[in-house]
A.B. asks: 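Just passing along the structure, written as structure tokens.
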Amino acid sequence: MKTTFIFTSQLAAAAGCDKICFESEAGETLLKITRALAKNYKAKVNDILFSDDKFSPTIMVVVNGNQVLDKNDVLLNEDSEVMFITPMAGG
Amino acid sequence: MQPLSEEDKAIYEWQLSVPGFGEKGQTILRNSTALVSRCGGLGGPLTFQLAAAGFGKLIIAHGGNLKHSDLNRQILMRYDGLGKPRTESIEQTLKQFNPNIEVETVNSNINEENAEELVRKADIVFDAAPLFQERFLMNQEAVKQNKPLIDAAMYNMEGQVIPIIPGKTPCLNCLYPEIPPHWKRQFPVIGALSALVANVAALEGIKHLTGFGTVQYGKMIYLNGLDMSMTKIKIERAKDCKVCSHLFD
């Protein structure tokens, strides 16, 4: 199953890219797929994304344009687009 | 409501002809007070637009003295204000630009002591603060006092604007329930990007107050200056939100 991931702000900076396509088995949760994806990146990416084996409370997960509240349990359809939004502020 | 003066009509002539806005919208702005938390790279151009649009009163909270590193984006500041309180530059610039609006500056950032009073004096709140402690305080106070809050934020070449209407939309705490551990006070920014985000925030606030156009309630407006894309993301309220969940019971 193909999923497009979009990284924003601090996550994009840590990952060194803002978009990637990733292949995974169908029927896996987004959390499990993201854990597999994150193995390809530095520890900082994992630190931003996860907390205690779950998504960090401050990571906003958007699937196909809509925020997902049950981010730790959500299942994806083929060709989903997942956007991880890390918090920003003024400056 | 105080009617528009002849000078008001002359100054705002070009926007009085905006369909749906008109003299009614201008009169609402003339009689409105906006609070802006921090007037830096984001809050500066935002405040400038509110002044240009003709808000009756602007309250601006921003502590500290002006530094060289502020000058790439904080467009209300003045070079000769270096080393002096930022509020001095802000007040001078705004008064020279539009002496017909009332400007109240607070030489302090939003904090536990001043948040309640400052929000109480405003009809609408714009949050452009860099620290989440301030942002959460503004959000909490806006929800408590049932005041609209336009939350504006940015990082590098990206930005986001969230119109928050207590009891109607998710609040900031719904999206980010705790202080993000990885957020750092200093981050990459080009002034034109912060101004872009600021202008979107100013427009959403003006539309909300005057009731024209379509405000993106319940959505995050996500801007990416690298490819000039704008995405509207439907956001959800958290049922266990410590700040606003009681409004939905």
Side-chain angles (χ1 to χ4, degrees), chain A residues 3-21 30 34 38 41-74 76-77 80-91, chain B residues 36-44 46 70 73-74 126-132 134-135 151-160 170 172 174-189 194 197-198 201 218-220 222 224 226-227 231-239:
Chain A
T3 306
T4 303
F5 286 89
I6 297 174
F7 301 150
T8 66
S9 61
Q10 290 170 297
L11 185 60
C17 70
D18 59 8
K19 192 173 188 178
I20 188 161
C21 285
L30 172 62
T34 309
Y41 294 96
K42 289 182 281 187
K44 179 86 184 284
V45 170
N46 287 265
D47 288 347
I48 294 173
L49 280 170
F50 307 113
S51 170
D52 297 333
D53 289 331
K54 292 185 173 177
F55 280 116
S56 164
T58 57
I59 279 284
M60 192 175 140
V61 176
V62 177
V63 178
N64 298 326
N66 294 308
Q67 185 196 359
V68 172
L69 285 181
D70 58 342
K71 54 192 176 188
N72 292 304
D73 303 313
V74 69
L76 300 178
N77 294 321
S80 290
E81 183 184 86
V82 177
M83 190 177 187
F84 292 125
I85 298 182
T86 50
M88 305 177 192
Chain B
V36 183
S37 165
R38 299 260 201 152
C39 206
L42 197 45
L46 199 164
D70 296 334
R73 64 197 185 283
Q74 301 193 7
F126 292 87
D127 183 8
L131 297 179
F132 276 85
E134 293 170 55
R135 303 178 77 79
D151 186 89
M154 59 151 305
Y155 178 93
N156 196 13
M157 291 296 284
E158 300 161 59
Q160 53 186 233
L172 189 64
C174 288
L175 302 181
Y176 307 121
E178 59 187 57
I179 291 174
H182 301 284
W183 181 252
K184 288 187 179 150
R185 168 70 188 83
Q186 185 171 338
F187 52 85
V189 48
S194 51
V197 179
K219 290 183 184 166
M220 170 191 284
Y222 179 83
N224 188 333
L226 281 177
D227 61 7
T231 309
K232 291 184 273 187
I233 298 163
K234 188 173 179 294
I235 53 175
E236 305 290 339
R237 68 181 182 86
K239 291 187 173 62

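So that the names make sense, note that chain A is the first sequence line, chain B the second, and so on, each numbered from 1.
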A.B. asks: Donor-acceptor pairs under 3.5 Å, chain A to chain B, main chain and side chains both?
C.D. replies:
unit_1: Ser9(A); atom_1: N; unit_2: Glu158(B); atom_2: OE1; d: 2.8
unit_1: Ser9(A); atom_1: N; unit_2: Glu158(B); atom_2: OE2; d: 2.9
unit_1: Gln10(A); atom_1: NE2; unit_2: His182(B); atom_2: O; d: 2.7
unit_1: Asp47(A); atom_1: O; unit_2: His182(B); atom_2: NE2; d: 2.9
unit_1: Gly65(A); atom_1: O; unit_2: Lys234(B); atom_2: N; d: 3.3
unit_1: Gln67(A); atom_1: N; unit_2: Lys234(B); atom_2: O; d: 2.9
unit_1: Gln67(A); atom_1: OE1; unit_2: Glu236(B); atom_2: N; d: 2.6
unit_1: Ala89(A); atom_1: O; unit_2: Met154(B); atom_2: N; d: 2.7
unit_1: Gly90(A); atom_1: N; unit_2: Ala129(B); atom_2: O; d: 2.9
unit_1: Gly91(A); atom_1: O; unit_2: Gly41(B); atom_2: N; d: 2.6
unit_1: Gly91(A); atom_1: O; unit_2: Leu42(B); atom_2: N; d: 3.2

A.B. asks: Using non-hydrogen atoms only, which part of Ala13(A) is less than 4.5 Å away from chain B: side chain, backbone, both, or neither?
C.D. replies: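 Just the side chain, heavy atoms under 4.5 Å.
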A.B. asks: Could you measure the distance from the CG atom of Leu11(A) to the SG atom of Cys17(A)? Nearest 0.5 Å is fine.
C.D. replies: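 Between Leu11(A) CG and Cys17(A) SG, I get 8.5 Å after rounding to 0.5 Å.
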A.B. asks: Please state whether the side chain, the backbone, both or neither of Met157(B) comes within less than 4.5 Å of a heavy atom of chain A.
C.D. replies: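 Met157(B) has no heavy atom closer than 4.5 Å to chain A.
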A.B. asks: Taking atom CE of Met83(A) and atom CE of Met220(B), what is their separation to the nearest 0.5 Å?
C.D. replies: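 It is 8.5 Å, given to the nearest 0.5 Å.
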A.B. asks: Is chain B contacted by the side chain of Ile48(A), its backbone, both, or neither, given a heavy-atom distance below 4.5 Å?
C.D. replies: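 The answer is both parts of Ile48(A).
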A.B. asks: With a 4.5 Å cut-off on side-chain heavy atoms, are Thr34(A) and Val82(A) touching?
C.D. replies: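 A side-chain contact is absent here, since even the closest heavy-atom pair is not under 4.5 Å.
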A.B. asks: Going through the checks in order, is the side chain to side chain contact (heavy atoms under 4.5 Å, CB included) test met by Phe7(A) and Val45(A)?
C.D. replies: CA-CA 10 Å; Phe7(A) 301 150; Val45(A) 170; 5.6 Å; no
A.B. asks: I'd like to verify something: which residue of Gly40(B), Gly43(B), Pro177(B), Pro130(B) has the highest number of heavy-atom pairs under 4.5 Å with chain A?
C.D. replies: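 Among the listed options, the one with the most contacts to chain A is Pro130(B).
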A.B. asks: On a heavy-atom basis, which atom in Ala152(B) and which in Leu42(B) lie closest, and how many Å separate them?
C.D. replies: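 Reported closest heavy-atom pair: O-CD2, 3.4 Å.
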A.B. asks: Considering non-hydrogen atoms only, spot the tightest contact between Ala89(A) and Phe132(B) and give its length.
C.D. replies: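 Distance-wise, the nearest heavy atoms are CB-CE1, 3.9 Å.
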A.B. asks: Is there a side-chain contact between Phe84(A) and Val61(A), using heavy atoms and a 4.5 Å cut-off?
C.D. replies: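 Yes - at least one pair of side-chain heavy atoms lies under 4.5 Å apart.
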A.B. asks: Please round to the nearest 0.5 Å and tell me the distance separating atom CD1 of Ile59(A) and atom CG of Leu49(A).
C.D. replies: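 Interatomic distance, Ile59(A) CD1 to Leu49(A) CG, rounded to 0.5 Å: 5.0 Å.
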